**Student:** 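The following block contains the structure, expressed as structure tokens.
All residue numbers refer to positions in the sequence shown, counting from 1. All figures in this text were calculated on a predicted structure; none of them were measured in a lab.
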Amino acid sequence: MEHDPLTAETMLPLLAGHTIPWQVRAYYRIVSTNDTARLLAEHGAPEGTLVVAETQSRGHGRRGNRWLSPPGGLWFSFVLRPHLPPERASGLSIVAAVALARTVNEPADVGARIKWPNDVFAGGRKLAGVMVLSAGEGAVVVGVGVNVNVLPDELPQPGRYEATSVLRETGSPVSRAKLLARFLSNFEDRYFAYRSPDGSRLTREWRELSLVIGEWVTATVGEETVQGTVFGLEDDGGIVLRLADGSHRKLLPTGTVTLSVVG
């Protein structure tokens with residue numbers, strides 16, 4: 001798509017009527033949308049403050065990894081003030097991942113699935129990532145990176161996982177602005193459900209989209225490594241492993257946890 005700008009002027013009409021009053025701050029180049037959104041949150045920015053950029057010079061992934069942001073991608077972060085305890089706030093990464101998988105499957109089903117705790121895969125390759133950061137005073141920042149109209153030869157080089165894009169999976173470019181608006185609508189719906197007493201609908205969706213349920217996995221928790229079968233998915237975004245000795249171990253989607261399926 002030759003001209004697919006991400007500006008406040010193009011975004012705001014698409015966000016009219018949304019439950020959250022989104023306020024768009026669009027940049028051509030920025031160090032990190034997460035850093036900017038977090039700073040805004042720490043200075044009192046309201047829920048719905050949305051930071052979007054064409055490129056990032058130092059986008060952040062989990063565990064301090066750098067997130068590469070090639071042209072044609074969708075790189076954004078937004079402020080929430082959910083008034084949730086920390087263990088529940090971390091589960092917002094699953095809320096965002098479910099909403100994102102549903103969104104990229106809407107225009108053309110690319111078979112997007114969720115690899116716990118924060119990645120969206122399609123065709124066995126990494127399509128997108130989500131992370132949640134605390135911003136103090138009950139605020140959190142949700143950061144999302146999606147390879148949308150990224151050309152195959154501009155995708156990040158294979159590392160732990162090979163990368164893909166919506167363009168690569170479907171063969172056609174899509175409007176990033178419309179994709180972002182659809183994601184925010186899907187996210188709102190699930191966000192308010194997650195904050196309600198009954199999160200069962202979200203858990204059902206997550207189970208349908210999960211790449212790890214029923215799989216034998218290796219989990220690294222800080223300096224500790226454990227192995228087991230993913231036995232359960234919890235309403236707070238955690239997973240339950242059944243270990244070899246029959247005991248159960250619950251893991252929350254914090255920044256200190258990584259998971260790999262043992263093939």
Side-chain angles (χ1 to χ4, degrees), residues 59-63 65-75 93-132 143-174 176 179-180 182-183 186-187 190 202-220 225-233 237-242 251 253 255 257-263:
H60 299 312
R62 296 180 76 247
R63 298 171 65 88
N65 294 323
R66 185 179 178 187
W67 180 273
L68 299 178
S69 310
L74 186 54
W75 325 117
S93 62
I94 301 299
V95 179
V98 168
L100 186 57
R102 290 299 191 202
T103 299
V104 297
N105 282 338
E106 285 171 6
D109 191 346
V110 300
R113 307 277 298 282
I114 299 168
K115 180 189 170 296
W116 190 89
N118 70 324
D119 292 331
V120 175
F121 275 59
R125 297 178 287 262
K126 186 171 178 177
L127 177 70
V130 175
M131 67 183 302
V132 174
V144 181
V146 192
N147 295 320
V148 183
N149 297 325
V150 181
L151 297 172
D153 61 357
E154 294 180 338
L155 287 165
Q157 293 300 310
R160 187 178 180 190
Y161 302 111
E162 185 180 357
T164 191
S165 65
V166 176
L167 175 61
R168 178 179 181 178
E169 296 298 319
T170 65
S172 302
V174 299
R176 294 176 301 155
L179 190 72
L180 176 52
R182 283 199 304 270
F183 164 77
N186 284 332
F187 177 82
R190 291 158 179 84
L202 182 69
T203 307
R204 287 196 301 271
E205 280 194 287
W206 180 21
R207 180 176 288 271
E208 291 171 5
L209 294 165
S210 175
L211 280 172
V212 300
I213 187 71
E215 297 288 343
W216 181 263
V217 300
T218 297
T220 301
T225 298
V226 295
Q227 287 192 324
T229 301
V230 180
F231 170 71
L233 306 176
I239 59 172
V240 179
L241 302 185
R242 181 186 289 118
L251 304 177
V257 178
T258 61
L259 194 79
S260 59
V261 175
V262 179

**Student:** Report yes if the side chains of Leu233 and Ser210 come closer than 4.5 Å at any heavy-atom pair, otherwise no.
**Tutor:**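 Yes - at least one pair of side-chain heavy atoms lies under 4.5 Å apart.
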**Student:** Report the distance from atom CZ of Arg102 to atom CZ of Arg190, rounding to the nearest 0.5 Å.
**Tutor:**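 The CZ atom of Arg102 sits 6.5 Å away from the CZ atom of Arg190.
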**Student:** Considering all heavy atoms of both residues, which atom of Leu100 and which atom of Ala128 are nearest to each other, and what is their separation?
**Tutor:**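 Nearest pair, atom of Leu100 first, then Ala128: CD2-CB, 3.5 Å.
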**Student:** Can you see which heavy atom on Glu154 is nearest to which on Pro70, and at what distance?
**Tutor:**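 That closest heavy-atom pairing would be O-CB, 3.5 Å.
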**Student:** To the nearest 0.5 angstrom, please state how far the CZ atom of Arg207 sits from the CD1 atom of Ile114.
**Tutor:**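 It comes to 13.0 Å.
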**Student:** Any heavy-atom pair between the side chains of Val261 and Leu211 that's under 4.5 Å?
**Tutor:**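 SC-SC contact between Leu211 and Val261 ruled out.
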**Student:** Using the side-chain contact (heavy atoms from CB on, under 4.5 Å) rule, pick out the option among Ile239, Thr220, Asp119 that qualifies with Leu259.
**Tutor:**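 Among Ile239, Thr220, Asp119, the one meeting side-chain contact (heavy atoms from CB on, under 4.5 Å) with Leu259 is Ile239.
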**Student:** Before you tell me yes or no, could you show the steps for Leu74 and Val144 under side-chain contact (heavy atoms from CB on, under 4.5 Å), namely the whole-Å CA-CA distance, both residues' side-chain angles and the distance that decides it to 0.1 Å?
**Tutor:** CA-CA 8 Å; Leu74 186 54; Val144 181; over 6 Å; no
**Student:** Tell me if a side-chain donor or acceptor on Asn149 pairs with a main-chain N or O of Leu167 at a distance below 3.5 Å.
**Tutor:**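 Answer holds: no.
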**Student:** Between Asn186 and Glu106, does a side-chain contact (heavy atoms from CB on, under 4.5 Å) hold up when you go through it step by step?
**Tutor:** CA-CA 11 Å; Asn186 284 332; Glu106 285 171 6; 2.8 Å; yes
**Student:** Short question: side chain of Asn105, backbone of Gly111 - any donor-acceptor pair under 3.5 Å?
**Tutor:**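 Indeed, once roles are kept as given, a pair shorter than 3.5 Å links the two residues.
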**Student:** What heavy-atom pair brings Phe183 and Ala99 nearest, and what distance separates the two atoms?
**Tutor:**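 Looking at all heavy atoms of both residues, the closest pair is CE1-CB, 3.8 Å.
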**Student:** Are any non-hydrogen side-chain atoms of Pro253 and Asn118 less than 4.5 angstrom apart?
**Tutor:**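 With C-beta onward as the side chain, the pair stays apart.
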**Student:** Quick one: does Arg168's side chain have a donor or acceptor within less than 3.5 Å of a partner on Ala163's backbone?
**Tutor:**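 Yes, because the side chain of Arg168 sits within donor-acceptor range (under 3.5 Å) of the backbone of Ala163.
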**Student:** Which atom names give the shortest non-hydrogen contact between Arg113 and Glu208, and what distance separates them?
**Tutor:**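 Where Arg113 meets Glu208 most closely, the heavy atoms are NE-O, 3.9 Å.
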**Student:** May I ask you to decide if Gly73's main-chain N or O and Arg176's side chain share a donor-acceptor pair within less than 3.5 Å?
**Tutor:**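 Yes, the answer is positive, given that a donor and an acceptor are paired below the 3.5 Å cut-off.
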**Student:** Salt bridge between Glu215 and Lys115, side-chain N to carboxylate O under 4.0 Å?
**Tutor:**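 Salt bridge flag = no for Lys115 with Glu215.
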**Student:** Which heavy-atom pair separates Leu209 from Ala112 by the least distance, and what is that distance?
**Tutor:**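 Nearest pair, atom of Leu209 first, then Ala112: CD2-O, 3.6 Å.
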**Student:** Check the pair Asn147 / Thr164 against side-chain contact (heavy atoms from CB on, under 4.5 Å), numbers first and verdict last.
**Tutor:** CA-CA 7 Å; Asn147 295 320; Thr164 191; over 6 Å; no
**Student:** Considering non-hydrogen atoms only, spot the tightest contact between Leu251 and Val257 and give its length.
**Tutor:**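 Here Leu251 and Val257 meet closest at CD1-CG1, 4.4 Å.
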**Student:** Whether the side chain of Thr229 engages the backbone of Phe231 through a donor-acceptor N/O pair (distance < 3.5 Å, no angle test) should be reported.
**Tutor:**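 The answer is no, because no donor-acceptor pair under 3.5 Å joins these two groups.
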**Student:** Is there a donor-acceptor contact under 3.5 Å from the side chain of Trp116 to the main chain of Ile94?
**Tutor:**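 No, Trp116 side chain to Ile94 backbone: no donor-acceptor pair under 3.5 Å.
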**Student:** Atom CH2 of Trp75 and atom CG of Leu180: how far apart are they, to the nearest 0.5 Å?
**Tutor:**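 Trp75 atom CH2 to Leu180 atom CG measures 13.0 Å (nearest 0.5 Å).
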